[in-house]
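Below, each value reflects all heavy atoms present in this structure, side chains not excepted, and no hydrogens, waters or symmetry copies. Throughout, a chain's letter reflects where its sequence line sits, starting with A, and its residues are numbered from 1.
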Amino acid sequence: MGITKPPCTTSYASHSDLYADVLQSAIKSRDPFVRRSVHARIIKHGLHLGVFLMNNLLNFYAKTGSFSDVHRNTILSAYAKRGNFEAAQRVFDEIPEPDSVSWTSMIVGYNMLGHFDNAIHMFLRMISCGVSPTQFTFTNVLASCAATEALDIGRKVHSFIVKLGLSSVVPVANSLLNMYAKSGDSVMAKVVFDRMRLKDKSTWNTMISMHMHFGQLDLGLALFQEMMDPDIVSWNSIITGYTHQGHDVKALEIFSLMLNSSSSKPDKYTLESVLSACANLENLKLGKQIHAYMVRANIDISGAVRNALILMYAKAGISKLDVISFTSLLDGFVKIGDINPARDIFDSLEFRDVVAWTTMIVGYVQNGLLSDALDLFRKMVREGPKPNSYTLAAVLSVFSSLASLGHGKQLHATAIRLQEASSISVDQEASEMQGKYSNRYALTRIN
DNA sequence: CTAGGGTTAG
């Protein structure tokens, strides 16, 4: 018995060697406290241990023979959670009689990494081997059933749960409920729900989101109102449910109710939904308020929220977009270091006045995109409104940045390009330009 | 030394 050979035997890093030595001597120790603390460390940091270290440990365990099921299951679980199924399976195969933890660890790993079919397959093999599943097995295999909408197997799992008397374990019942909801069996979902004596917030939220998903908005709302102390997930289920069914006004009403009557703070899911409602309703006023809130509350503007925000400004009336709201939009994007969306909106503006141009240029400058700022300025001189003193101040700050960076050549080249593209007369040599720009100079030249 | 195993909802 035992592992014959560590899978990776090449060039050991020296610090890993040392770490492994320490672990090995600690595990060898007769002091049970020391051994326990080492194992605790492995469990706690299992996900962060390198493959090499794991293999080293396995090798050590095999050689010393001090390799109980607990140790093996710990290693097995760490491998499975890392997605190293080959290694996990190898450990699994070394266990003479895999117990429920051995099987469950494999199932957990497969389910976590999205290998749902493997998780289900593992569960079926576990049953046929006569090993009794636990609540941990059930929650995980049910998650895989839910993900693949494997209703047939889900039902079998259900009957096992009843036989083993685990139906009243809240996590198990929640997983079951979720499985039926995701698989589209709302009748059985309701049966499970009604039979639950103990309920979680998750229990209610699962049920609510199922109804909203099926378009049974009144049923979802009824449960929501029946629920004690709804959390942000509950609110979001209702709000997104309404927006998905095209009831944007209703969604915004619920949103306002939430702000006024609940301690729940809107999160990125809430904001994405209400911004999209604002876009559909062309409610730029509210959309701007929400945007301002996001900037104030320092909400992470990225991903879906970012798209919703862009869409809101784009749909909720590009034509109505005034300079003020464009500026506030830009502020938001400058803050997150991504002004490309702002440029898209700038480009699609029907009427661009001097402030819009300047705002855009300032946005580039604040992001350190100096050549973009100058390019846009050049374009402005060519085809836009006449620059004002704010525009010039921004462009001057670009020049001074370039000068202080010692980019004399770039400065010169830019000046020449500006000259070619406009009526600005730049007749100094590059050597004269460095550090010699003043506000007065630029103003007199450009005007 | 009977441990060891991340539940679910937007």
Nearest-angstrom distance from the residue atom CD1 of Ile95(A) to C1' of dA3(B) = 14 Å

What does Val101(A) touch in the nucleic acid at a heavy-atom separation under 4.0 angstrom: a base, only the sugar-phosphate, or nothing?
-> base

Return the set of residues passing side chain to side chain donor-acceptor pair (under 3.5 Å) with Asn283(A) (not counting sequence neighbours), or none when no residue passes.
-> none

Round to a whole Å and report the spacing from NE2 of His211(A) to C1' of dG10(B).
-> 16 Å

According to a 3.5 Å limit on both distances, what stems of 3 or more consecutive Watson-Crick or G-U pairs are formed with DNA chain B?
-> none

Would you kindly give the CG-to-C1' distance between Leu76(A) and dA3(B), to the nearest whole Å?
-> 14 Å

Would you jot down, in residue-number order, the residues of residues 197-205 of chain A having a non-hydrogen atom under 4.0 Å from DNA chain B?
-> Asp200(A), Ser202(A), Asn205(A)

Under-4.0 Å side-chain N/O to phosphate OP1/OP2 contact, Ser209(A) with dG10(B) | yes

Once you round it to whole Å, what is the distance between P of dT7(B) and CG of Asn178(A)?
-> 13 Å

Starting at atom CE of Met106(A), determine the distance to atom C1' of dG4(B), rounded to an integer number of angstrom.
-> 15 Å

Closest to side chain of Phe136(A), choosing from dG5(B), dG10(B), dT8(B) | dG5(B)

May I ask you to establish whether Lys163(A) and Phe160(A) are in a cation-pi arrangement, using a distance under 6.0 Å from NZ or CZ to the six-membered ring centre and at most 45° from the ring axis?
-> yes

Apply side chain to side chain donor-acceptor pair (under 3.5 Å) to Ser237(A) and list each qualifying residue two or more places apart in sequence or on a separate chain.
-> none

Within this structure, what is the CD-to-P distance between Glu97(A) and dT2(B), rounded to whole angstrom?
-> 20 Å

Kindly label the base of dG6(B) as syn or anti, based on whether its glycosidic torsion lies within 90° of 0.
-> syn

Not counting sequence neighbours, which residues clear ring-ring contact (aromatic ring centres under 6.0 Å, His included) with Phe255(A)? List them please.
-> none

Which nucleotide in the list dG5(B), dT7(B), dG10(B) gets nearest to the side chain of Asn140(A)?
-> dT7(B)

Check ring-ring contact (aromatic ring centres under 6.0 Å, His included) between Phe138(A) and all other residues, then give those that pass, not counting sequence neighbours.
-> none

Centroid-centroid under 6.0 Å between His121(A) and Tyr110(A) rings | no

Would you kindly check if the NZ (Lys) or CZ (Arg) of Lys156(A) is within the cone defined by 45 degrees around the ring axis of Phe123(A) and under 6.0 Å from the six-membered ring centre?
-> no

Pairing residues for Asp152(A) by the side chain to side chain donor-acceptor pair (under 3.5 Å) criterion, not counting sequence neighbours | none

Polar side-chain contact Thr134(A)-dG5(B) base: donor and acceptor under 3.5 Å | yes

Would you indicate what Ser273(A) reaches in the nucleic acid, counting non-hydrogen atoms under 4.0 angstrom: base, sugar-phosphate, or nothing?
-> nothing

Sugar-phosphate, base or nothing in reach of Thr206(A), heavy atoms under 4.0 Å = sugar-phosphate

Quick one: is dG10(B) close enough that its OP1 or OP2 comes under 4.0 Å of any side-chain N or O from Lys268(A)?
-> no

Partners of Phe224(A) by ring-ring contact (aromatic ring centres under 6.0 Å, His included), sequence neighbours excluded?
-> Trp235(A)

With a non-hydrogen cut-off below 4.0 angstrom, is Ala143(A) in contact with a base, only sugar-phosphate, or nothing?
-> sugar-phosphate

By ring-ring contact (aromatic ring centres under 6.0 Å, His included) - contacts of Phe116(A) (at least two apart) | none

Name all residues meeting the side-chain contact (heavy atoms from CB on, under 4.5 Å) criterion together with His213(A); count only those two or more places apart in sequence or in a different chain, and write none if there are none.
-> none

Rounded to the Å, how far apart are Met122(A) CE and dG5(B) P?
-> 17 Å

Measure from the side chain of Ser77(A), starting at C-beta and using heavy atoms only, and say which of dG5(B), dG4(B), dG10(B) lies closest.
-> dG5(B)

With sequence neighbours excluded, what pairs up with Val108(A) under the side-chain contact (heavy atoms from CB on, under 4.5 Å) test?
-> Thr104(A), Met112(A), Asn140(A)

From CG of Asp267(A) across to P of dA9(B) the rounded distance in Å is 16 Å

Within residues 236-261 of chain A, residues whose heavy atoms come under 4.0 Å of DNA chain B = Asn236(A), Ser237(A), Thr240(A)

May I ask you to verify whether the side chain of Asp69(A) and the base of dG4(B) hold a donor-acceptor pair under 3.5 Å?
-> no

Could you tell me if the ring centre of Trp357(A) sits under 6.0 Å from that of Phe377(A)?
-> no

